Structures are given as structure tokens and as C-alpha cells.
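Please read the structure below before turning to the comments.
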Amino acid sequence: MTEETLEIRGFRIFKGYLDTAEQAALVEAIRGVVRAAPLFSPMTPYGKPMRVRMTSAGRYGWVSDRRGYRYEERHPEGMAWPPIPGEVLAVWGDLVSHARMPDCCLVNFYDADARMGMHQDRDEADFSWPVLSVSLGDEGLFRIGNATRGGKTESHWLQSGDVVVMGGDARLTYHGIDRIKPGTSMLLDAPGRINLTCRVVD
DNA sequence: CAGTGCCT
DNA sequence: TTTT
């Protein structure tokens with residue numbers, strides 16, 4: 001049900017891609033993922049906890065600890081990651097590919113104060129596959145930079161139901177979330193934002 | 001905490 | 001590399 005598509009520096013932003021019912025179904029599916037693979041607060045390699053809480057679905061999950069950033073086949077508590085929900089795979093199929101499904105769906109929970117600094121997604125083996133991002137809950141200010149740190153940036157408020165595809169030249173572009181605007185969505189019970197990011201890992 | 005700005 |  002995409003209302004419009006924006007393109008900012010190669011990031012394709014599908015505004016309102018998911019309607020309210022689809023968003024609610026995704027949240028339910030994510031609740032199932034979290035029951036099977038509990039949220040955890042990853043530690044950065046340099047010893048500071050990250051602001052977001054996270055878990056994953058799929059063959060791989062993304063983890064961070066003193067040993068660095070990487071994909072693992074098991075949750076830090078030892079269980080395998082649950083399957084990626086069909087609702088998520090459907091979005092990937094529509095916007096990315098039917099031939100190849102993602103290996104990982106990273107689930108990030110931002111509370112009202114959480115942010116994510118500017119970074120690249122570069123832990124995957126093949127950058128020819130895009131990263132797909134789904135926003136749920138409160139709005140987040142998405143910031144898009146350049147292929148290297150620094151330089152001018154452009155920002156865009158991501159709303160619940162928006163989907164972003166970061167591929168091609170944008171695949172290694174620095175990006176981050178500057179802030180969350182609590183109270184801008186009724187989707188979740190508590191203030192905050194859920195972001196799903198799907199990737200082909202290897 | 002100053003640049004990559006965000007906006008009270 | 002996901003920081004202040």
C-alpha cells in the first residue's frame with residue numbers, strides 16, 4: 001500500500017509500505033521471535049553497552065561483544081535463532097528478491113532515548129545484496145551520510161510502516177538514528193521503536 | 001560536544 | 001563500525 005517512494009542518496013524509502021493491520025501482524029510475529037530468543041543488550045567491543053536491545057531471527061544473528069561485531073548461529077544464551085517470520089520474508093520477496101531469502105533478520109528495540117551512531121553495515125560477505133529495513137512504532141530520525149565518515153548528511157523521519165531498501169551505491173553508506181519521537185505511534189504498548197533489518201549474510 | 005546537526 |  002505504498003503511499004509514495006522517496007530516494008535519498010540511493011536509499012529507497014517506501015513510505016507507508018505496510019498498513020496498520022500488517023504492522024500489527026509483524027509486531028505479533030516479532031513477539032514470537034523475542035519469546036524464543038530473548039532481547040539482550042550487546043556490548044560494544046570497546047566495553048560500552050549499546051543503547052538498543054536486540055535479537056535476531058534466521059540462520060544467523062548479529063552479535064557484538066568484546067570479540068567484535070559478527071554473525072553467529074546461536075543466541076548468546078545458546079539457543080538457535082528462530083525462523084524469520086513469513087510476514088517479513090514477504091516484504092523481502094516483494095522489494096528485493098524471490099530467488100534468495102535473507103539469512104538474518106536483526107530486531108532492534110529503541111526506547112525513547114535510544115540512538116544509533118553513524119555506521120556502515122559491513123559484516124556481510126556479499127554487498128551486492130541490499131539491506132532491507134522495516135520501521136514499527138514511534139518515529140525515528142534517520143540520518144544518511146556518505147561512503148566515508150563526515151561530510152554533509154540528509155535526515156528523514158521514518159514512520160511506522162515505512163520500509164527502506166539500501167542497495168547499490170547506498171549499500172555501504174554511513175547511516176544512523178539520531179533520535180526517537182515518543183508518542184508518535186499507537187502501534188506498540190510502550191514508547192519506542194522497533195526496527196527490523198534483513199540481510200544476506202553469506 | 002562539535003559537526004554530520006538535530007529542534008526545545 | 002552501532003560512542004559523546
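Nothing here was measured: the structure is a model prediction, and the numbers come from that model. Residue numbers begin at 1 in each chain, while the letters A, B, ... track the order of the sequences.
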request  = Kindly determine whether T173(A) and R9(A) satisfy side-chain hydrogen bond (donor to acceptor under 3.5 Å, both in side chains), including the steps that lead there.
outcome  = CA-CA 9 Å; T173(A) 295; R9(A) 300 188 180 189; over 6 Å; no

message = Please evaluate residues L172(A) and R122(A) with respect to the criterion side chain to side chain contact (heavy atoms under 4.5 Å, CB included), reporting the C-alpha separation (whole Å), side-chain torsions for both, the decisive distance (0.1 Å), and the verdict.
response = CA-CA 7 Å; L172(A) 290 171; R122(A) 50 181 305 173; 4.1 Å; yes

For atom [atom1] of [X] and atom [atom2] of [N], their distance in whole Å:
X	N	atom1	atom2	value
D178(A)	dT4(C)	CG	P	13 Å
F142(A)	dC6(B)	CZ	C1'	15 Å
Y110(A)	dT2(C)	OH	C1'	8 Å
E124(A)	dT2(C)	CD	P	15 Å
R115(A)	dC1(B)	CZ	P	12 Å
M50(A)	dT3(C)	CE	C1'	10 Å
H175(A)	dC6(B)	NE2	C1'	18 Å
D65(A)	dT2(C)	CG	P	15 Å

Nucleotide of [options] approaching [X] most closely (side-chain heavy atoms):
X	options	result
L141(A)	dC6(B), dT2(C), dT4(C)	dC6(B)
K48(A)	dT4(C), dT2(C), dC6(B)	dT4(C)
Y69(A)	dT2(C), dC6(B), dT4(C)	dT2(C)

ask   = Mind checking whether D103(A) and R199(A) have side chains closer than 4.5 Å, heavy atoms only?
value =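 Contact flag for D103(A)/R199(A) side chains = no.
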
List the residues meeting salt bridge (charged side-chain N to carboxylate O under 4.0 Å, His left out) with [X], not counting sequence neighbours, and say none if there are none.
X	answer
R12(A)	none
D162(A)	K15(A)
R171(A)	E124(A)

query = When you measure from every atom of DNA chain B, which of residues 148-156 of chain A have a heavy atom less than 4.0 Å away?
reply =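 Correct list: G150(A), G151(A), K152(A), T153(A), S155(A).
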
key: DNA chain B contacts made by residues 126-139 of chain A, counting heavy atoms under 4.0 Å   = none

inquiry  = Under 5.5 Å centre to centre and under 30° between planes: does that hold for W62(A) and the six-membered base ring of dT2(C)?
reply    = yes

Members besides M186(A) in its Ile/Leu/Val/Met/Phe/Trp/Tyr cluster (side-chain heavy atoms under 4.5 Å) =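 In the cluster with M186(A) there is nothing else; it is isolated.
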
ask   = Heavy atoms under 4.0 Å, any strand shown: does W157(A) hit a base, just sugar-phosphate, or nothing?
value =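 Sugar-phosphate contact only - W157(A) comes under 4.0 Å of backbone atoms but never of a base.
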
inquiry  = Under 4.0 Å, counting only non-hydrogen atoms across every strand here, what does G145(A) touch: a base, just sugar-phosphate, or nothing?
reply    =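 No contact.
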
Using a cut-off of less than 4.0 Å, is there contact between a side-chain N or O of [X] and OP1 or OP2 of [N]?
X	N	value
K181(A)	dC7(B)	no
Y46(A)	dT2(C)	yes
R122(A)	dT2(C)	no

query = Are F142(A) and W157(A) near enough that their ring centres are under 6.0 Å apart?
reply =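 Centroid distance F142(A)-W157(A): not below 6.0 Å, so no.
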
query = Nearest heavy-atom pair of I177(A) and Y110(A): which atoms, and what distance?
reply = CG1-OH, 3.7 Å

inquiry  = Can you tell me how the ring of F40(A) sits relative to the ring of H75(A), calling it parallel under 30°, perpendicular over 60° and tilted otherwise?
reply    =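 Judged by the thresholds at 30° and 60°, the geometry between F40(A) and H75(A) is perpendicular.
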
